Visitor: 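Take this structure, written in structure tokens, and hold onto it; I'll ask about it next.
Note that these values count all heavy atoms, side chains included, but never hydrogens, waters or copies made by symmetry. Everything quoted here is computed from the prediction, not taken from an experiment.
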Amino acid sequence: MVTEVEISPREAEVLELVGAHLSNAEIAARLCISVRTVESHVSSLLRKLEVPDRRALARRAPESADAGPSHPAPVLPTPLTSFVGRVSERIELVEMIKAHRQVTAVGPGGVGKTRLALAVAAEAADEYSDGVWFVDLVPVTDPDLIATAVAGAVGLGEQPGRDMTESVVAALADRHALLVLDNCEHVVDGVALFLERLLATCPRVAVLATSRARLMVPFERVYPVPPLSLAVNGESDAVALFMERAAAVGRSPDPALRGQIASICDRLDGMALAIELAAARCSTLGLDGITAALSHPLRMLTGGSRADERHRSVRGALDWSHALLEPADRALLRRVSVFVAPFTAVAAAEVAGDEEGVVAEGLARLAEQSLLVVTASPGGTEYRALETIRQYGVERLSEAGELVDARSRHLRWCLARAAGLAVAREDRRAGFDAVADDLRAALAWAAGRPEQRADAYDLARHLAELTFVRNLIGESQGRYEQAAALADDPAAGASMLRHAAAVASCRMHGDDMHRLRRAAADAARRSGDTAGAACDLATVAADAYRFSGKFVRKLPREEAVALITQARELGGDDPAAQAAVALAEAGRALTELGAAPDLNDDAVPMTIARAERAVELAHRTGDPLAESAALDMLTCAQSWAGDTFAAAGTARRRITLLSSAPDTPAGTHELIEALGEATEASLGTGDLPGARRWARQLAGHPLLAEVGHRATGWLLVADTLAGDVEEILTGSVRFLDAWQRAGGPARSVLGPPAAAVATIHGLRDDQDAWREWSAVLNQLDPSPGNTCGYGAVFEAMLLLHRGQVPEALERMAPEPGEVWQWVTWIWLHWYVALRAETAVLARSSAAGDRLAEARTVVAGNPVATAIVERAQALLDDDQERLLATADAFDTAGCRYQSARTLVLAGGDHAARGAAALADLGFAPMALPRHP
């Protein structure tokens, strides 16, 4: 039982969320910790609870008395006041959301839609095993950001390769959950599009929306929210609400006066907001004063439909409350209405244009009159106007002729906040989240006003930078494009488009990268920067070569050649342009080298020479990102040549260079690519500690939090070759979970980690897991790389562990030259070393020749050399030399091979080796079976 072991409070939280089927990235977002920390807790729980995998761990979650309920707690805002009445409405609406997948609670502003929806969601929470989430759409000014708001509420991030809607839909595809979308009326069209995709793809997700108008989407059922009941004899929900709210502000009305209160509520049509505003005045005006004020001709109940009358009743109550305010408080209420998110007194003072102390006192008075809601936050006391009141304040701003001035001050405040966040190094995420909705709202207003164009450009640029850091990379790309459109200077527009292209690279959207770079070239030419345009055009071609896997539309060869030719002509003798052209030409040569069925003796040296020339020219420019791109080309060329150590050295040189590179989208993209390449290069040379170091940096990169299959892939490979079972069991859960949530894409780069994990389960003799991961591997990568490269290496390791030497011999039969493209890079040393050992264990007549060949190839690789030396010792029956290789494996960080060596040594050594294998988590090793 879970209670029989010691589990920390944080582990209990993680366990509960694992049981709720949240991914590690989602758990990290929910608990505000890193993905790596979540992985550590999961690993600890696996060990403490003695369960083999995450699925078994999830089944243990409900058993823990400390882990909380089996259903995750609903993620709903906590109202500051109690919910009154509406028993029949709650029952009816709960039944509706159980019976229908999408229900819209419709009614005028102030009728109480939000509070009713919150109460219903809380009551229905136990029906949804994967959770209930509340999404406030009031701050959303752009329909394209609805999915971003949902993702923020649910604790999801964008998956590179998908837009935010696709990421949300993928994450919720198998969830049994309820979403509450509040205040949809101003983005109805965007909500409708989002819900159509969500409901069509997520069959167990239900949606409860609130809106002043129906959404007109498939599956929708409309629930008209009635006013509070107005029963006879003064007994009604409306009277109960008035009594409670009046008591809350210091005066409990005499129950004998219920009839008079009922009359007031009737005048207000039972509208919840209007009743609360009236009750807030009870302590100062009394019932007689309220009755007298409401007798003033407010045009509340004249003409139009009943719905219109209810609108007028709220407006009348707001007019009345507004009229009772002091002039300074009226001005403050309308000026702070430009805030769409909670704000502090300091922020209000800047936007209202008054002293902080005076504003703080005014905000307190407005809160006392129920015109503002007060909440406590880590940053201090915050205020917020309900949406109906905020819209009323904006109307009053317009009537007073102050709207432009107030929004301009708000815009300046947003610019100052954005600029401050851009240079902040701590709490940037929390700081951005606190002001993000206001930044977006200010930009939406300023972007449409010609006189604010310069400020709108600055704010769009800042917002693009901040959303990138916040990992809202889809929005970041869009903001960079928006900034480019707002830029008066074509050169500035070109710069923004280049940043947008770099973000598209991070998103794995190669076609967008191509489009935006071409647009940057056009903007550069309009600005007279022909050299910049040449760089852009050459980069378009180079990117098509470097990142071909990110493109849907592959760049035709003739188009790439034309781009390089045009770039050369435009760039002339400009150093940066020459470097960019050289990079593109190296990419073309490398691509042609890889595609050639037969190579002449000069092909590889010429390709390396082109890449070295690109590196030299890029270095002269002083641009570390340009040099990094050229080093990438050189690394690939050296790998094709089979020069593993040169490739590894170049990869390390690239990492060192990027350590001082700017923290920009382009720099981030280069760093992620470089970390992966450095990991591969270290694996190729047998530097397992280095490979694991680079792979951990890659796995922990925040941009890859939502794509754990990409983040952890090479770390799984490195851990497998090192024999670290615990790390693999934990990391493979993140890999598989993220891959499945991404829709199970078939990508060859994901093949090696799947093969590695399958091998580990095979070594553990977990046949079910081995079959599961073998199926994943076949789905991921049916290419020759699986058949002839890494697939042969990992399968041979498993076959040899099982003692199936003849099968291993057959698996490794092809000469390295026959499959050179698939073993030349990181697998060459592993392939030839294992191939030689297999020949020795099979007592093949070719064993000596294979050993001699392998020794030359793997020289300098500590692990592969130790494998070859072990094979030679077995062939020569040299026990002392054999045991020496065990120490060599330990020194190289390869514990599995060290234990295997002891088993092969036999005698007492075999017993020690078997114990070591067991300690590592592996099944006993079978002795070789000879043909």
Visitor: Can Asp724 and Tyr896 be counted as having a side-chain donor-acceptor contact under 3.5 angstrom?
Guide: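 Note: Asp724 and Tyr896 side chains miss the donor-acceptor criterion.
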
Visitor: Is there a side-chain contact between Thr668 and Thr664 (heavy atoms, below 4.5 Å)?
Guide: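 With C-beta onward as the side chain, the pair stays apart.
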
Visitor: Heavy-atom count around His619 NE2 within 6.0 Å, excluding the residue itself: above 12?
Guide: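 Counting other residues, nucleotides and ligands, NE2 of His619 stays at 12 neighbours or fewer.
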
Visitor: Establish, from distance only, whether the side-chain atoms of Ser898 and Asp890 form a donor-acceptor pair under 3.5 Å.
Guide: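 The criterion, which ignores hydrogens and geometry beyond distance, is satisfied for Asp890 and Ser898.
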
Visitor: Under 6.0 Å from the ring centre and within 45 degrees of the ring axis: does the NZ or CZ of Arg835 meet both conditions for the six-membered ring of Trp827?
Guide: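 The answer is no; the distance or angle limit is not met.
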
Visitor: Verify side chain to side chain contact (heavy atoms under 4.5 Å, CB included) between Leu902 and Leu883, making sure each step is shown before the conclusion.
Guide: CA-CA 7 Å; Leu902 295 176; Leu883 292 173; 4.0 Å; yes

Visitor: Find out whether Ile608 and Trp640 are in side-chain contact, i.e. whether some heavy atom of one side chain is under 4.5 Å from a heavy atom of the other.
Guide: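 They are not in side-chain contact.
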
Visitor: Work out which heavy atom in Thr838 is nearest to a heavy atom in Met812; give both atom names and the distance.
Guide: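 Shortest heavy-atom contact: OG1-CG, 4.3 Å.
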
Visitor: When you compare the side chains of Glu869 and Thr885, does any donor N or O come within less than 3.5 Å of an acceptor on the partner?
Guide: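 On atom types as modelled, these side chains do not qualify, holding no pair under 3.5 Å.
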
Visitor: What I want to find out is whether Arg588 reaches Glu585 closely enough, with some N-O distance under 4.0 Å, to be called a salt bridge.
Guide: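 Between Glu585 and Arg588 there is no salt bridge, as every charged N stays at least 4.0 Å from the carboxylate O atoms.
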
Visitor: Side chains of Val717 and Ile826, heavy atoms from C-beta outward: is any pair under 4.5 Å?
Guide: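 Result no, sub-4.5 Å side-chain heavy-atom pair not found.
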
Visitor: Do you know the tightest heavy-atom contact between Asn861 and Gly684?
Guide: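 Taking every non-hydrogen atom into account, ND2-O, 3.2 Å.
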
Visitor: Could you check if a side-chain atom of Trp770 sits within less than 4.5 angstrom of a side-chain atom of Leu798, using non-hydrogen atoms only?
Guide: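 Yes, side chains in contact.
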
Visitor: Give me the atom names and distance for the closest heavy-atom approach of Ala637 to Leu590.
Guide: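 Reported closest heavy-atom pair: CA-CD1, 3.7 Å.
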
Visitor: For Thr635 and Leu631, indicate whether the former's side chain and the latter's backbone hold a donor-acceptor pair under 3.5 Å.
Guide: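 The answer is yes, because a donor-acceptor pair under 3.5 Å joins these two groups.
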
Visitor: Give a yes or no on whether the ring-centroid distance for His829 and Phe645 is below 6.0 angstrom.
Guide: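 Yes, close enough.
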
Visitor: Check the surroundings of atom CD in Glu810: do more than 12 heavy atoms from other residues, nucleotides or ligands lie under 6.0 Å from it?
Guide: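 No, because the 6.0 Å sphere around CD of Glu810 holds 12 heavy atoms or fewer from other groups.
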
Visitor: Would you indicate whether the side-chain heavy atoms of Arg900 and Leu904 approach each other to under 4.5 Å?
Guide: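 Contact flag for Leu904/Arg900 side chains = yes.
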
Visitor: So, the side chain of Ser682 versus the backbone of Ala648: is there a donor-acceptor pair under 3.5 Å, distance only?
Guide: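 The answer is no, because no donor-acceptor pair under 3.5 Å joins these two groups.
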
Visitor: Does Ala923 offer a backbone N or O that forms a donor-acceptor pair with the side chain of His801 under 3.5 Å?
Guide: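 Here the side-chain-to-backbone pair exists.
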
Visitor: For a side-chain contact (heavy atoms from CB on, under 4.5 Å) with His514, tell me which candidate from Leu555, Thr539, Asp543 qualifies.
Guide: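 It is Leu555; the other options fail the test.
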
Visitor: Salt-bridged, Arg546 to Glu670, with N to O below 4.0 Å?
Guide: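 A salt bridge is present here (some side-chain N lies under 4.0 Å from a carboxylate O).
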
Visitor: Could you check whether atom CZ of Arg693 has more than 12 heavy atoms from other residues, nucleotides or ligands sitting under 6.0 Å from it?
Guide: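 Enclosed: over 12 neighbouring heavy atoms sit under 6.0 Å from CZ of Arg693.
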
Visitor: Can you give me the closest heavy-atom contact between Ala738 and Val707, atom names plus distance?
Guide: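 Nearest pair, atom of Ala738 first, then Val707: CB-C, 4.2 Å.
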
Visitor: State plainly whether the residues Arg557 and Glu592 are in salt-bridge range, i.e. N to O under 4.0 Å.
Guide: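 So Arg557 pairs with Glu592 through a salt bridge.
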
Visitor: Backbone N or O of Glu726 within a donor-acceptor pair of the Thr730 side chain at under 3.5 Å?
Guide: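 Here the side-chain-to-backbone pair exists.
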
Visitor: Can you give me the closest heavy-atom contact between Leu809 and Ala839, atom names plus distance?
Guide: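 Answer, listing the atom of Leu809 first, then Ala839: CD1-CA, 4.1 Å.
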
Visitor: With side chain to side chain contact (heavy atoms under 4.5 Å, CB included) as the criterion, how do Val615 and Arg653 come out once you've worked through the C-alpha distance, each side chain's angles and the decisive distance to 0.1 Å?
Guide: CA-CA 12 Å; Val615 172; Arg653 177 179 165 191; 3.5 Å; yes

Visitor: Aromatic rings Phe735 and Trp773: how do their planes relate, parallel, tilted or perpendicular, breaks at 30° and 60°?
Guide: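 Rings of Phe735 and Trp773: tilted, 30 to 60°.
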
Visitor: When you compare the side chain of Glu673 with that of Arg654, does any pair of heavy atoms fall below 4.5 Å?
Guide: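 Yes, side chains in contact.
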
Visitor: Report yes or no: do Thr759 and Glu795 form a side-chain donor-acceptor pair below 3.5 Å?
Guide: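 No pair is found: no donor N or O on one side chain lies under 3.5 Å from an acceptor on the other.
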
Visitor: For Ala718 and Arg692, which heavy atoms make the closest approach, and how far apart are they?
Guide: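 Taking every non-hydrogen atom into account, CB-CG, 3.7 Å.
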
Visitor: Just checking His669 against Phe547, ring centres under 6.0 Å apart?
Guide: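 That pair passes the under 6.0 Å test.
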
Visitor: Side-chain contact, heavy-atom cut-off 4.5 Å: Leu703 with Cys506?
Guide: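 Yes, side chains in contact.
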
Visitor: Can Arg610 and Glu616 be counted as an ion pair, charged N to O under 4.0 angstrom?
Guide: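 Here Arg610 does not pair with Glu616 in a salt bridge, since their nearest N and O are not under 4.0 Å apart.
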
Visitor: Just checking, is any N or O donor in the side chain of Arg870 or Thr901 under 3.5 Å from an acceptor N or O on the other one?
Guide: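 Yes, Thr901 and Arg870 have a side-chain donor paired with an acceptor closer than 3.5 Å.
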
Visitor: Got a donor-acceptor contact below 3.5 angstrom from the Trp830 side chain to the Ala864 backbone?
Guide: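 No, the answer is negative, given that no donor and acceptor are paired below the 3.5 Å cut-off.
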
Visitor: Under the 3.5 angstrom rule, does the side chain of Asp781 hit a backbone N or O of Arg747 as a donor-acceptor pair?
Guide: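 It does not hold such a pair.
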
